[in-house]
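Notes follow once the structure below has been shown.
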Protein chains: 2
Amino acid sequence: MQQTRKSRQREAILANLRARCDHPTAMELYLSVREEIPSLSLGTLYRNLKGLCDSHQIIRLSDGGEEHYDACTVPHWHIKCDHCGRFYDLPTPADVASVVPTPEYSGKIYGYSLIFFGTCEYCARAADEK
Amino acid sequence: MQQTRKSRQREAILANLRARCDHPTAMELYLSVREEIPSLSLGTLYRNLKGLCDSHQIIRLSDGGEEHYDACTVPHWHIKCDHCGRFYDLPTPADVASVVPTPEYSGKIYGYSLIFFGTCEYCARAADEK
DNA sequence: AACAATAACGATAATCGTTACTGTTATTAT
DNA sequence: ATAATAACAGTAACGATTATCGTTATTGTT
């Protein structure tokens, strides 16, 4: 069995991720949590991220390359910026469940990931200013 | 400049991917194309996959772990199976562009990736039979 | 409160998909 | 045919993630 006991490390990781508005990579999160727990091991971070994902306390965002993590588990959409590679939340319809219909399928579907591609507002603005 | 000349290798890779209905990983595609061109190098495969993606001739499907590739560039949705890890096409609304609205956003959005999660019909059937 | 069982840790090695490098081959324009 | 160089095969390097292992800390039980 895993993650049956509480640990200072896991609580710090989850608290850190919840406190921020970006969608950090494992390394970004690692460097940040290390400011509170300098002895934190990278293996511990990955192990806890995996457990937190498995227990649906956090969400993993994928688009090739590094994974990003999000502590907000309410269904919402993201944009992945081509320039800076970061993920940002998008204003998501309140009735999000009815906007994207679950397709007819003989298997089982329990959720989805919707990632828009483009240029984030910050990179777009920077490009305009050139 | 890249991919200005044609090559037997790239043509074989693209033809192979177009001829199949699954969404193979790089290694699955590699093993398959090697049956036609035994000398094919893995580096050549990756280099061409990258170029074909950049020129929008094929699509890359990501959900952590390995990348999968799809030669069908018409917008359509996928399901990623939790059990076997494979991607499958989903019946996608004909008016797909109007189903998912492009969110209000001050950056630029040019497309999206919609991946449903669940159990594919084959794995779901196998589980029922136990 | 001390003890025993073991989940979780820190440190580090291993894994593995992907990318980069290097000398050779093949395509394309002249 | 020739020259320029894109693309290749083979292989080394890279980097994010996972696994291993001996130690530490949490938790239920005396």
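By convention in this document, chain letters (A, B, ...) are assigned in the order of the sequence lines, proteins followed by strands, and residues within each chain are numbered from 1.
Listed for the A:T92 side chain is no donor-acceptor partner under 3.5 Å among the backbone atoms of A:H76. In this structure, the side chain of B:T44 does not engage the main chain of B:L40 through any donor-acceptor pair within 3.5 Å. At distances below 3.5 Å, not a single donor-acceptor pair connects side-chain atoms of A:S39 with backbone N or O atoms of A:I37.
Between the base of D:dG10 and the side chain of B:S41 there is a donor-acceptor pair shorter than 3.5 Å.
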When the side chains of residues 5-14 of chain A are checked against the rest of the protein, which donor-acceptor pairs come out under 3.5 Å, sequence neighbours left out?
{"unit_1": "A:S7", "atom_1": "OG", "unit_2": "A:R10", "atom_2": "N", "d": "3.0"}
{"unit_1": "A:R10", "atom_1": "NH1", "unit_2": "A:N48", "atom_2": "OD1", "d": "3.0"}
{"unit_1": "A:R10", "atom_1": "NH2", "unit_2": "A:R5", "atom_2": "O", "d": "2.3"}

May I have the list of side-chain donor-acceptor pairs in residues 111-121 of chain A shorter than 3.5 Å, sequence neighbours left out?
{"unit_1": "A:Y112", "atom_1": "OH", "unit_2": "A:W77", "atom_2": "NE1", "d": "3.1"}
{"unit_1": "A:E121", "atom_1": "OE1", "unit_2": "B:S106", "atom_2": "OG", "d": "2.8"}

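Judged as a salt bridge (charged side-chain N to carboxylate O under 4.0 Å, His left out), the pairs with a partner in residues 36-57 of chain B (not counting sequence neighbours) are, in order, B:K50-B:D54. Within the structure, ring pair (Phe, Tyr, Trp, His ring centres under 6.0 Å) contacts touching residues 36-60 of chain A (residues at least two apart or in different chains) do not occur. Sorted by first and then second residue, the ring pair (Phe, Tyr, Trp, His ring centres under 6.0 Å) pairs involving residues 82-105 of chain B (not counting sequence neighbours) are B:H68-B:F87, B:Y88-B:Y122. Residue pairs that meet the salt bridge (charged side-chain N to carboxylate O under 4.0 Å, His left out) test with at least one member in residues 85-108 of chain B, sequence neighbours left out, do not exist here. Applying the ring pair (Phe, Tyr, Trp, His ring centres under 6.0 Å) test to pairs two or more places apart or on separate chains, those with a residue in residues 9-35 of chain B are B:H23-B:H78.
In this structure, A:D54 atom CG and C:dA7 atom C1' are separated by 16 Å, rounded to whole Å. Rounded to an integer number of Å, the gap from B:E36 CD to D:dC8 P is 14 Å. Here the P atom of nucleotide D:dG10 and the CG atom of B:L45 are 14 Å apart, to the nearest Å. At whole-Å resolution of the value, CD in B:E11 and P in D:dA7 are 12 Å apart. Per the geometry, CG belonging to A:N48 stands 14 Å off C1' belonging to D:dT18, to the nearest Å. One can place CD1 of A:I37 at 9 Å from P of C:dC9, the figure rounded to the nearest angstrom. As a whole-Å value, the separation of A:L29 CG from D:dT17 C1' is 15 Å. To the nearest angstrom, P of D:dC8 lies 15 Å from CZ of B:R34.
The shortest distance between the side-chain N/O atoms of A:R47 and the OP1/OP2 oxygens of D:dT18 is not below 4.0 Å. At the phosphate of D:dA9, OP1 or OP2 sits under 4.0 Å from a side-chain N or O atom of B:Q9. Put simply, A:T44 has a side-chain N or O that comes within less than 4.0 Å of OP1 or OP2 on C:dG10.
A search for salt bridge (Lys or Arg N to Asp or Glu O under 4.0 Å) contacts involving B:D70 returns nothing, not counting sequence neighbours. In this structure B:S32 satisfies the side chain to side chain donor-acceptor pair (under 3.5 Å) test together with B:N16, sequence neighbours excluded.
Over its length, the helix from C:dA1-D:dT30 to C:dT30-D:dA1 turns its helix axis by 40°, as judged from the five terminal pairs at each end, rounded to 10°.
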Show the distances under 3.5 angstrom between N or O atoms of the protein and N or O atoms of nucleotides 18-20 of chain C.
{"unit_1": "C:dT18", "atom_1": "OP1", "unit_2": "B:E67", "atom_2": "N", "d": "3.2"}
{"unit_1": "C:dT18", "atom_1": "OP2", "unit_2": "B:Y46", "atom_2": "OH", "d": "2.4"}

Q) Reading nucleotides 22-30 of chain C 5' to 3', which nucleotides get B (base under 4.0 Å from a protein heavy atom), which S (sugar-phosphate only), which -? A) ----BBS--
